[in-house]
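Numbers restart at 1 for each chain; the letters A, B, ... are given by sequence-line order, proteins then strands.
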Amino acid sequence: SGGGGTTKDIADSYTAKPTQTGTPKQGGTATVALTPGLSPNYIYPYPPAAANGTVIARGQLWRSLYRPSGEGDQVADAELSLAEPPVYNPGRDTVTIKMKDYKWSNGKPVTADDVVFSLALLKAALAESPANWSFYTPGQFPDGVSAEAAAPDTLTLKLETAYNPSYLLSMLTLLYVLPSTEWNIAATGGPHLDYKQPKNAKAIYKYLTKESESQATFAGNPLWQVVNGPYRLKSFDPTTGSFSLARNESYSGPGESRLDQIDFKAFTSAAAVLNQFKAGNLTVGTLDSSFATQIGELKAKGYNVYGAPAPARFDSLVINFANTVDNFDKVIAQPYVRQALQRLIDQQGYIAGRGIYNGAGSPNYSTAGTGSPYPPAFGDQPPYPYDPAAAEKLLTDNGWKVAPNGSTTCQRPGTGPGQCGADIPQGQKISFTLASASSPAFVGARDVAFASAAKKLGIDVKIVTKSLNYMYANYGNTFAPATKNEWAMQDYGPLYLAAGYPSSNTVFNTEGSFNLGSYKNAEVDKLIGASTFGADEKSLSAEVTSLAQDLPVLFLPTPHTLVVWKNTLSGPQSSFNALISFLYTPELWYFHG
Amino acid sequence: MLTIRDLSVEIRRGDRVVRPVFGVSLTLDRGETLGIVGETGSGKSMTGLAIMGMLPAGGRVTAGSIDLDGRELVGLAAAQYRAIRGNDVAMVFQDSMTALNPTKRIGEQVAEPVRLHRGASKREARARAEEMLALVGLPRPAERLDDFPHQLSGGMRQRVMIAMALVCEPRLVIADEPTTALDVTIQAEILDLLDDLRSRLGMSMILVTHDMGVIARHADRVGVMYAGRVAETGPTPVLFGRTRHRYTQALLSSIPSLTQDRREELFSIPGAPPDLSVVQAGCPFAPRCAAVTDRCREEPPPPAAEAEADDHAYACWHPADGPAVRGRARLVVPAPAVTEPRLRVVDLRREYPAGSAGLLGGRRTVKAVSGVSFEVAAGETFGLVGESGCGKSSLGRMLVALDRPTSGEVIFDGEPVTRMSARALGPRRTQLQMMFQDSNASLDPRMRIGAILREPLAIQGVGTRAQRTARAGELLRDVGLPASVLERYPYELSGGQRQRVGLARALALDPKVLVADEPVSALDVSIRSQVLNLMRRIQLERGLSSVVISHDLAVVRYLADRVGVMYLGKLVETGTTEEVYGSAAHPYTAGLLAAIPDADPEAPRAPAAARVRGELPSPIDPPSGCRFRTRCALASELCAQKEPPLTPVTGTHHVACHHPLRREESRS
Amino acid sequence: MTAPDVTAAPSLEAETPAERNPVSIRSVLRGLRRHPLGLAGGLLLLLIAGFCFLGPLFYQTNQTDVDLVNAALPPGPGYPLGTDTNGFDVLGRLMSGGQVSLQIGLLAALFATTIGTVYGAVAGLAGGVVDGFMMRLVDVMLSIPFLFFVLILSARFHADALSLSLVIGGFSWLVSARLVRGEVLTLRVREFVLAAKLMGASRRRIILTHLIPNALGVIIVNITFQVADAVLVVAALGFLGFGLTYPTADWGSQLASGVTYISADYWWLIYPVGGCIILTVLALNLLADALRDAVGRRAD
Amino acid sequence: MTWYVLRRLAVSLLVLLGISAVVFLMLHLVSDSPGRVVLGQRASPEAVSDFNRAHGFDRPVVVQYVSYLGQLLQGDLGRSYKLNENVGTLLALNAGRSAMVSLAGLVLALLIAVPLGVLQAVRRNSVVDRVATAASYVLYATPSFLVGLLLIAVFSQTIPIFPAEASQSHSPWVVFTDPRAMALPVITLAVTSVAVFAQYQRSAALDQLGQDYIRVARAKGLPERLILTRHLLRNACLPLVMLVGTLVPTLLAGNLIVESLFNYPGLGLLFLNSLQREDYPVLLAYTLIGGVLTVAGNFIADVVVAAADRRIELST
Ligand SMILES: Nc1ncnc2c1ncn2[C@@H]1O[C@H](COP(=O)(O)OP(=O)(O)OP(=O)(O)O)[C@@H](O)[C@H]1O
Ligand SMILES: Nc1ncnc2c1ncn2[C@@H]1O[C@H](COP(=O)(O)OP(=O)(O)OP(=O)(O)O)[C@@H](O)[C@H]1O
Ligand SMILES: [Mg+2]
Ligand SMILES: [Mg+2]
């Protein structure tokens, strides 16, 4: 045994999208595997930061105003959204939104007031702490946005600043619509409050989050049974985070909802998911790419496997431009150094590598990810592909003496052409720490490969393994400036920009709240401004291109997300494709004979 | 009733074969006691175990027969043997602490054989156990049935052991050193109990012991064993009166007795017993025998089977005639010069915190030494005797400043040493030395003998290394060991040799005072006399002041000029050896003396009344008034109320008793 | 044993030897000769150490350059034991990993024993309240599940060979401390120590010439056991994902990364290194038991 | 006996206090700003310090410790940073499962080890003894996760009779209701302990076999079987009871490894996941509980042994 076929064979085995087949049967229970380590523990859709919540069945109990698209080439899924596309006035500061004919589970219609309520609660959460909504940039949405129900089915948004329509749409896909007539209370059985008053909104928010702290009551609390999505919570198991959904009989959106029940099972490890697949106990789930070698076996057991990179996902080595250890900030400030390092990353090699992606990955050189509606200008001709010789040349051309497997040093200091660059003294080495997440396994493996390639060029990369959460908490100059010298690069796995509109507004903006590595680039800031506030819906492409050329991070290949489902289950191709973005649409699924 | 003929036993351990019993023949009649006596390792226990069919793993009977009431035991099937064991033949073991199951109630343990052999019900067996425990003199047996072994005292446990052995009324009981672990006072009681039960229940008994005195007093017939063979056997009076075997004779001569002339040196047997895994030609005793000839070395004497007249048999080519040989040398004992006492002990007390203190303070203490005063003159030997646990060792440790007293003083050459700082004590250390009991523990196992003997000199910075080595050689010579011992490790020496090294080390710094705590109690009889003689000689040669501590009255009598008798932390009687042993004034001293069996079957037995009854009370809560009153036949009201002070009887003879014995009484 | 057990280390062969001999190299060797299993353990250990430290001289491999083309190859020509998922030669990796494991083990054991000996000796010699306090502290530390703590520490701090040895050593000195204290307590009242005291020997001398040499045997035995235990702890940490990282690798993290691929059937990433760990610990335990017999004392 | 128990209890409580202090302080050193951990990456430094102030994490350690202790005494183990649940509830939810599987492993190990050890002692140096001793040595040298892996490789992959994953049901009784799924975890736990227990039992039994009371029992005519059951067994088990008492940390560690290996959602897995999540209240509480269990284990073992062998209470 051992080795198996080439990794190329593996990659070929799952790229085809199985077509919709079979005669739908009514009923049945589908068992869906939740992503390991992401067991839900919260029910209110906007969990406060202090609860560190993972929300149960996001988007299935309460739909957002616009349903995010699973296809990646558009921001929202028009068909599944609660409203018609927004209409702008010429000044782009007033938006009119027409609500579709959706119903709450208690039969009442979903109205514009519900959206106003929802926005009020979001604002209340942010008033408590800006950390309470991770998509928030102070001064931007929902700041300066006021909503009004012009009619029960007509919503008017007034904007203090005009936004790029695509950007605003991407924000509205995150706005969950909540039952304004049932939830506008601050105590169980308490009076219904006017949520337009911030004071009341705050009290309501507190009440709802408080109710959400008692996990044992999730399924029983009548509050949570008022839903506008296709499902309602039937049971929740606080021990594991597993839960079951039952049909919302009043759901009025698309989809036949043929299944009787969907059981979502929480898992503690990817290996456990695999075992359950093998045992035939799961209907739908994802497979960790380190188990790509198991695809053949799963297919033999009657599963469909489909894999692709998740939209707007990019994996990268995040660079810390403010790390001053060993003059790293000076060295890395030089674009040629970043380019040389990027040229050391053998994306095809990583993808094929049995220890890394096992064939289950795609090359990626931009923040937009693969198959984006905002592709970089260079198409599939990346500016700095793998080329160690070119990397070496970049360094020697800029005044470095390259010592393979030794220490490459700066020989010609100075800022002129052919010299190392500003503030780099003679004899400077290139040596830095790369913090590598302890899981998943491919992260460590690709970092080792990178460090090894760097070593061949006389660049010393010290890998330190850290738990993901430790990195989340300590490695980011925006929130942990004190530890900026602990890391020079970090690899915590994937980074998702909003699918459909991969703007790097918070990430690479000089003032971005999530600009972990203190990246600064005036031109990029300008482009970001255009993609956020400008009128040109395609300006994001320019931003993506510019970033790919300036390298605020080093790009790594994107691993494929592998979706697995029983071949007795079927539905529209798109509904399985959406699983890659973790969007579930079980109301479209059915079992067949 | 029991006839052992030509019994040989072999124990195989890996590739080593030991023959602990070789051609042994013994007989025992109904109702009689057969004593088996001999040094350690002479095969006494193996003989007993062979009869029980309980030889250790790898052991088997290779030849001979054991006939019990006409039934051949050798080769008996296991199940049949089991039916005999505990039923027809029972055994009493030496150490009752380990011989009783620590986690079972004694009632159950005593009842077990009854249930097994008699098929009795639980209740019946329990009743029988209670009856038996009453018979062995356990007070309030009904209550004691549910006790665990550790809740009983040593003597009580031994009684339980006996009850357990006799509960099925066996025809034969084998008592293997039943009293070795006990104090003399209790030993006497237990042995009398065994005698009594034997005659009452009509059993026969085999009494295994290494104590000639016990044999003389309690056995009807004797078998003397040496190196796995019976050296001599016969009825007790005959064997003691007309000793024939040279070994028996030597053994008898080397025991210090209470009647012997103190000025005579003890007889001692040179060398050590042979290794039983090596097959010898000739008589096994030949290498140590004074009357040895070539024939002895080459030809084994005929086994002691063919009886002479009176059933007396022996295995010796050159039989002796008569009971004992006496030491040739007579020691000149100079009268101690009357000088300032070298060592003065003034009202010394020592209390130890008792193990289990209450949760909140309220610590109780063990009153190990409670106000002891005496003096030791230059060149004098002071003996301390007393039962186990009466505080002898505690006192000894304080004498050499190894331990600080709770109160009181030890004054050495006019200076109190007890409160001295370690530094001030430093140089005086050399003057106060101690010889320890356990020669194994007192020598650093990692050091060669040479280093051990050089160490005191090195510590005190005496001489160069070469000089120290020379001195070590001298010391060894003084204690009668060859210089070759210098290069050996302690474990390469025998117990007697180690004890000599211990003595040599204590002498290395030329001390003025030597405290010897149980110097010979770990040694076997034949070796003991060698060490005793040596100590005696050294004391005289060097004019040492010494304190000899022992629970063995004969040893103290042999070594000491003056004697102090301790009871529960107090000195109850002091005086010269002659005074104390000749006319004990304290009932306790008299009781101790009476309890010692003399190695002479003709010697008059002390009446049981004169004995000390019961056991030592706890030193945590000693009795009020006279501490001895709880065990004293003469105790009165007064004794409970008032503590008797040490008062003179005659000249140097002092006693602490309200009702001291007069000369005539103590004799009887 | 269930996980890295440093707390209990119950003896496997706990028979009381007949007599206690002095500890000298000679006597230990003599003792070993009588103990064929111990001798085998010692030889095996030498063999393993030779393999790890001398092996690379004869069998040179590249253990720093990742080779994605030749990753995860089964044993075959050029790679007698195959390659791992980074493309490192497994046989060569066993050697370098062994060096690290043995070094950590030894360092941790020495560290633990040093602290433990000093602590135990101080407690034993001081006696009284000091002793009581010091030993209660040991009780406290022993009652804290050791692995939990090491895990918490290594999740927070980056583990390298030195810090790992310090952490393991920092928790396993407790057993040594108890052991040494017990030894000191018994030795302290042994008659030969009293005899030395009687001759006027200073405290220093008693400690240096009597206590330490006599306790040395127990200490050496303890070191041997602790090396074995430390090797197991490192392996367990590696398995739980808290081992060493590139470029160093110990057997534990090697095994752990092999284990990730168990369903991929990369058996050569599991069994050889697993075998190495077992053999090393086995050899150490056999040796330790034999030493204990030679020293003539139970180590507990 | 009562005094002995009370005294032991007092000592245990003291040790517990020490444990709580040490564990609290150590964890405090490791994580002194929970705010960041709780609020996450995107929280502003002000929000973090607000959070710390609001929850008292800015007070001196000693004060924090005392208030933590106060909460503990009221049975409040704190709230998980990450799981939206009280730590006490989390532990309670998982404890049963972990306890059952650990106990099952322990009981199985004892059921094998005790008779095996006695048999080895009785048949000393026989083939059985030698084989068992050799096996013990090898098992002792095998990391327990490797034992588990080998078991998986053999019994789940080569001859698939047991699943490679433990039952995911969260009933504590799953050991009984789904023995097939729990076989490998329990066997892994047992196998690794058997090595130690059997050898320990063997030497304890050998010690006891050399005691005089065994000879006395023989002298009474008791058949060997009865000697073993009536006299030897209880005495020879006491050291093992002591050992098991002190082995609680090892059992917990074994649990950690087995739960992670077989993906059995119990306390061990909770601990490991909390470790990944830096969920300190959970780590702190479980480490403390581990300490409590250890102290309790020692205490129970001491009391059991003292009850069986009354000499103990006198000697301490
Ligand atoms: N289990 C055994 N294995 C091998 N040799 C043994 C064993 N038990 C005793 N021996 C040897 O058998 C010989 C006789 O032993 P035995 O116990 O009969 O002597 P003893 O006369 O009872 O001595 P003691 O007075 O010390 O009890 C001794 O030399 C001893 O070394
Ligand atoms: N270090 C100690 N701590 C507590 N109690 C002690 C200590 N040493 C001795 N004792 C107790 O003091 C009493 C006297 O003991 P000591 O050893 O002096 O008696 P002994 O006469 O020498 O007895 P033996 O003949 O048995 O040696 C005993 O009850 C003993 O238990
Ligand atoms: Mg004997
Ligand atoms: Mg004494």
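- Residues of residues 172-179 of chain B lying under 4.5 angstrom from chain D, judged on non-hydrogen atoms, do not exist.
- With chain B as partner, the option from D:Leu222, D:Leu238, D:Leu226 having the largest number of non-hydrogen pairs under 4.5 angstrom is D:Leu222.
- A donor-acceptor pair is defined here as one N or O able to donate and one able to accept, closer than 3.5 Å; no such pair exists between the side chain of D:Lys220 and the backbone of B:Met164.
- Residues D:Asp212 and B:Ala99 come closest through the heavy atom pair CB-CA, 3.6 Å.
- Separation of atoms OG1 (B:Thr98) and CD1 (D:Ile214) is listed at 11.0 Å; rounding is to 0.5 Å.
- Scanning both residues, D:Pro223 and B:Leu116, for their nearest heavy atoms gives CD-CD1, 4.2 Å.
- Screening residues 74-94 of chain B for salt bridge (Lys or Arg N to Asp or Glu O under 4.0 Å), with sequence neighbours left out, gives B:Asp88-B:Arg171.
- No other option in D:Arg234, D:Gln208, D:Gln211 has as many heavy-atom pairs under 4.5 Å with chain B as D:Arg234.
- Contact check for D:Arg230 versus B:Glu108: no side-chain heavy atoms found under the 4.5 Å cut-off.
- Across all their heavy atoms, B:Met91 and D:Ala219 have their closest contact at CB-CB, 4.3 Å.
- Interatomic distance, B:Thr103 OG1 to D:Leu233 CG, rounded to the nearest 0.5 Å: 10.0 Å.
- If you tally non-hydrogen atom pairs under 4.5 Å between each of B:His117, B:Gln94, B:Met161 and chain D, the highest count goes to B:His117.
- Taking every heavy atom of both residues into account, B:Phe93 and D:Val216 meet most closely at CD1-CG2, 3.3 Å.
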